[in-house]
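Right, one structure below, let's go through it.
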Protein chains: 2
Amino acid sequence: MKLLDIAEVAHSTGMAASRLRFYEEKGLIGSIGRRGLKRLFEASVLERLSLIALAQTAGFSLDEIAGMFDQTGRPRLDRVQLSAKADDLDQTIRRLGALRDGLRHAAACPAPSHMECPTFRRLLKGAVESRRRRWVEDLG
Amino acid sequence: MKLLDIAEVAHSTGMAASRLRFYEEKGLIGSIGRRGLKRLFEASVLERLSLIALAQTAGFSLDEIAGMFDQTGRPRLDRVQLSAKADDLDQTIRRLGALRDGLRHAAACPAPSHMECPTFRRLLKGAVESRRRRWVEDLG
DNA sequence: CTACGACTTCAAGCCGACTTGAGGTCAATG
DNA sequence: CATTGACCTCAAGTCGGCTTGAAGTCGTAG
């Protein structure tokens with residue numbers, strides 16, 4: 001299995017080396033050893049980094065993401081938590097879906113001002129309400 | 001037209017007053033005057049704030065959002081930009097869908113380690129691959 | 001065998017998006 | 001007319017997520 005140095009990982013992910021070191025420090029990724037001082041990564045780190053990027057997009061913090069894996073790097077076995085994360089994600093996905101539809105509509109809508117378009121107005125309302133819901137959850 | 005003080009705006013949007021002041025300072029919203037020291041807002045600020053929240057959810061920065069209004073405060077939404085954002089969002093949504101399915105499966109799967117489960121691996125790969133494609137686009 | 005350059009560490013800095021705190025002002029109520 | 005308390009300003013602080021800079025360490029090419 002080919003081992004990658006930090007520059008290779010940086011190049012193929014588009015992430016700065018500093019960021020990879022930062023992630024390692026945070027326990028988000030692990031290097032498999034050193035050649036001299038230099039870190040060596042397994043190729044699988046690329047997959048891991050993709051997941052991290054993905055989860056970030058989903059709105060998870062790095063700490064939360066760290067919590068999704070165990071020490072050995074396998075996704076954590078807490079099925080209840082995984083399930084909860086999945087539900088979170090589902091919420092997010094639905095929200096983003098509504099948003100996407102709204103944006104598309106706004107881009108195509110012939111109304112002179114977006115504010116005069118009922119569809120757009122409905123979207124705004126939805127955005128605020130779903131935000132609300134999340135706030136409520138955060139408090140709970 | 002009823003004028004609102006900052007507390008009313010804060011309450012009906014769920015945003016902290018400090019945040020509203022911050023937004024005003026940034027030019028994102030405007031107050032229509034003062035009663036004594038106290039800001040007075042038009043009711044339309046609520047709609048404006050919804051739009052701001054919406055754009056934030058869509059991943060725009062406050063500076064970008066500030067650029068979405070003209071001098072008179074009417075949204076100046078670039079349809080091309082909206083469309084592009086919608087496409088972004090669509091990508092994200094699909095990837096998140098794969099991630100959600102992966103997590104859900106992981107929560108239900110009886111395999112001792114998730115990585116040994118072919119379904120899980122396939123789902124992750126789906127998420128990762130679409131991510132890769134984006135990196136390539138970013139590089140290009 | 002020495003010099004180069006890609007890596008290393010560690011601390012500090014930066015940016016976005018707010019929040020917090022100290023001290024001030026004013027309209028309304030008793 | 002004095003107090004109260006909701007608002008005000010301005011500066012500084014916080015937090016997440018990195019980046020930057022100075023100083024050090026290697027393996028490899030010349």
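A/Arg19 places none of its side-chain heavy atoms less than 4.5 Å from the side chain of A/Thr13. Using a 4.5 Å cut-off on side-chain heavy atoms (C-beta onward), A/Cys109 and A/Thr119 make no contact. For the pair A/Arg34 and A/Arg39, the minimum side-chain heavy-atom distance is below 4.5 Å.
Regarding B/Leu20, its CG atom lies at a distance of 14 Å from the P atom of C/dT20, rounded to whole Å. Rounding to whole angstrom units, CD1 of residue A/Ile6 and C1' of D/dG27 are separated by 17 Å. Look at CZ on B/Phe60: it is 17 Å from P on C/dG16, rounded to the nearest Å. Distance, B/Phe22 CZ to D/dA11 P: 15 Å, rounded to whole Å. Atoms NE2 (A/His11) and C1' (C/dA6) sit 16 Å apart, rounded to a whole Å. Remark: P of D/dC8 and CZ of B/Arg35 are 11 Å apart, rounded to the nearest angstrom. One atom, CG of A/Asp5, and another, P of C/dG5, lie 17 Å apart when rounded to the nearest Å. As rounded to whole Å, 9 Å separates atom C1' of D/dC10 from atom CD of B/Glu25.
Each of A/Lys38 and A/Lys26 lies near DNA chain D, and the nucleotide nearest A/Lys26 is the one positioned closer to the 5' end. Taking for each of B/Leu37 and A/Gly36 the nucleotide of DNA chain D with the nearest heavy atom, the 5'-most of the two is the partner of B/Leu37.
Placement of B/Leu46 and B/Leu54 within a single hydrophobic cluster is found when ILVMFWY residues are connected by side-chain heavy-atom separations under 4.5 Å, directly or transitively.
Residue B/Arg39 has no polar side-chain atom (N or O) positioned under 4.0 Å from OP1 or OP2 of D/dC7. A close approach under 4.0 Å does occur between a side-chain nitrogen or oxygen of A/Arg34 and OP1 or OP2 of C/dT9. For the pair B/Tyr23 and C/dC18, the criterion of a side-chain N or O lying under 4.0 Å from OP1 or OP2 is met. Of the side-chain N and O atoms in B/Arg21, one or more sit less than 4.0 angstrom from OP1 or OP2 of D/dC8.
Comparing C/dA17, D/dT19, C/dT19 by their closest approach to the side chain of B/Leu62 singles out C/dA17. Side-chain atoms of A/Ser61 lie closest to D/dG17 of the nucleotides D/dG17, C/dT19, C/dA6.
Nucleic acid contact class of B/Ala7 (heavy atoms, under 4.0 Å, all strands): sugar-phosphate only.
Geometric assessment of B/Arg48 against the ring of B/Phe69 yields a positive cation-pi assignment under the 6.0 Å and 45° thresholds.
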